[in-house]
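What follows is one structure encoded as structure tokens, with my remarks underneath.
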Amino acid sequence: MTDNTEAQEGSSIGRRTVLIATGATAATLAVGAAATTEAPTADATAPVAAAAVCTLTKEMTEGPYYLDGQLVRTNIAEDKTGFPLRLALTVVDDDTCAPIPNALVEIWHADALGEYSGFVGNNGHSEPDNGTFLRGGVLTNSSGVANITSVYPGWYRGRCVHIHVKVHTGVTLTSDGSFTGGQELHTGQLFFNETITARVGALSPYSANTVTRTTLAQDSIYDEGGAASGLLTLTALGSSPSAGYTGTLTLGIEQG
């Protein structure tokens, strides 16, 4: 099974979401590509400015690899090898542009070999499968920011490198470290700068992926919309790709 099924599913998505453009993100919208620098230039946890411009963006299909009831945790990498990825995703109200605290931001993605937990083998590689690696989420803080640590994703047949994301509000945390209830308000995907992905993909452990990589331009889901379509702003954590990256994006959601 591959995410090629996402193209058929995508037409059923009808909720309205927005991306708030401020600072480097606004520049990203202007050029339709992710900004890359050697060091962070702004505090990723800072509240969204009141004068932010709200830009409508569509949701995207959740794809075939979603699993309910994943863990609430700041680090989803477990024992997976790969280059560090530190996500700072800001959730805001699309009407007021105000940050939304206590929203559950949930993500899931493939490992360096393009395999999803719970579905290992679908991309042609054999490895242990515990059903939880590279899955989970956190509640946004008082500034509406969800900070999640993972590894740079790999790729699988028919899709470019990406991360799936959902935003829930009103969830209840459970004693087993998961969550229940609430309302799902956004389903989307996060995308990566093609130049950076090519550099990452040429290095171990990503170079062990035997599947031909689909580029951002070739992808059937990404629509060339830049940040408005989920393209992350990536910031290098060091001089080598192996040092990892931060990835930032601000998502606006309609609360009802």
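The model shown is predicted, which means the values in this text are computed figures rather than measured ones. Hydrogens, waters and symmetry mates are skipped; everything else that's a heavy atom, side chains included, is used.
Annotation: side chain of T74 is not in contact with side chain of T149 (no heavy-atom distance under 4.5 Å). The shortest distance between side-chain heavy atoms of N209 and N123 falls below 4.5 Å. No side-chain heavy atom of T250 sits under 4.5 Å from any side-chain heavy atom of V91. Between N141 and N147 there is a side-chain heavy-atom pair separated by less than 4.5 Å. Counting heavy atoms from C-beta on, the side chains of Y245 and V200 come closer than 4.5 Å. Counting only heavy atoms from C-beta outward, the side chains of W155 and T214 never approach each other to under 4.5 Å. Within the 4.5 Å cutoff, the side chain of T61 has heavy atoms near those of the I221 side chain. The shortest distance between side-chain heavy atoms of L249 and L251 falls below 4.5 Å.
Close placement of the Y65 and Y156 rings is indicated, their centers lying within 6.0 Å of each other. Between W108 and Y66, the ring centre distance stays below 6.0 Å.
Residues meeting the salt bridge (Lys or Arg N to Asp or Glu O under 4.0 Å) test with R86, sequence neighbours left out: none. For T180, there are no side-chain hydrogen bond (donor to acceptor under 3.5 Å, both in side chains) partners at least two apart in sequence or on another chain. Under the rule for a ring pair (Phe, Tyr, Trp, His ring centres under 6.0 Å), F133 has no partner lying at least two apart in sequence or in another chain. Under the side-chain hydrogen bond (donor to acceptor under 3.5 Å, both in side chains) criterion, D176 pairs with T174, not counting sequence neighbours. In this view, A217 and T215, E224 satisfy the side chain to side chain contact (heavy atoms under 4.5 Å, CB included) rule, not counting sequence neighbours. Annotation: side chain to side chain contact (heavy atoms under 4.5 Å, CB included) contacts of P205 (sequence neighbours excluded): T81, F83, A112. Scanning for side-chain hydrogen bond (donor to acceptor under 3.5 Å, both in side chains) contacts around T210 gives H125, with sequence neighbours left out. Partners of Y152 according to the side-chain hydrogen bond (donor to acceptor under 3.5 Å, both in side chains) rule, which considers only residues two or more places apart in sequence or in another chain, are T197. Considering only residues two or more places apart in sequence or on other chains, S150 meets the side chain to side chain contact (heavy atoms under 4.5 Å, CB included) condition with I76, H109, L134.
The other members of the hydrophobic cluster of L139, by chain and number, are V72, L104, V171, L173, F179 (side-chain heavy atoms under 4.5 Å, ILVMFWY only). By the 4.5 Å side-chain criterion applied to Ile, Leu, Val, Met, Phe, Trp and Tyr, L71 is assigned to no cluster and stands alone.
Side chain of E59 to backbone of G188: no donor-acceptor contact under 3.5 angstrom is found. Within the 3.5 Å criterion, the main-chain N or O of V145 finds no donor-acceptor partner in the side chain of S143.
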Test F192 against L234 for side-chain contact (heavy atoms from CB on, under 4.5 Å), laying out the working first. CA-CA 8 Å; F192 293 76; L234 296 175; 4.0 Å; yes
Between E194 and R213, is a side-chain contact (heavy atoms from CB on, under 4.5 Å) present by the stated rule, with each step listed? CA-CA 11 Å; E194 179 61 28; R213 186 173 65 81; 2.8 Å; yes
Starting from the C-alpha separation in whole Å, work towards a yes-or-no answer on side-chain contact (heavy atoms from CB on, under 4.5 Å) for V105 and T140. CA-CA 7 Å; V105 178; T140 56; 3.8 Å; yes
Could you give me the CA-CA distance, side-chain angles and deciding distance for F191 and I163, then say whether side-chain contact (heavy atoms from CB on, under 4.5 Å) is met? CA-CA 7 Å; F191 297 94; I163 291 176; over 6 Å; no
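Considering all non-hydrogen atoms of both residues, L85 and P153 come closest at CD2-CD, 4.3 Å. Summarising the geometry of D219 relative to G158, their closest heavy-atom pair is OD1-O, 4.1 Å, with the distance given to 0.1 Å. The two residues V138 and A146 make their nearest non-hydrogen contact at CG2-CB, 3.6 Å. Of all non-hydrogen atoms in G154 and V161, the two that sit nearest each other are O-CG2, 3.8 Å.
Between R159 and Q189, the side chains place a donor N or O and an acceptor N or O closer than 3.5 Å (distance only, hydrogens not considered). When only modelled atom types and interatomic distance are considered, D93 and Q255 share a side-chain donor-acceptor pair under 3.5 Å.
Contacts classified as side chain to side chain donor-acceptor pair (under 3.5 Å) and involving residues 127-139 (residues at least two apart or in different chains) are given here: E78-N130, E78-T132, K80-E127, S117-R135, N130-T132.
Residue L190 holds its CG atom at 11.5 Å from OG of S229, rounded to the nearest 0.5 Å. The OG atom of S142 lies 13.5 Å from the CD1 atom of I100; values are rounded to the nearest 0.5 Å. Rounded to the nearest 0.5 angstrom, L232 CG and L89 CG are separated by 7.0 Å. Atom CG of L231 is separated from atom CG of L216 by 6.5 Å, given to the nearest 0.5 angstrom.
The pair K166-E106 does not count as a salt bridge, with every side-chain nitrogen at least 4.0 angstrom from each carboxylate oxygen.
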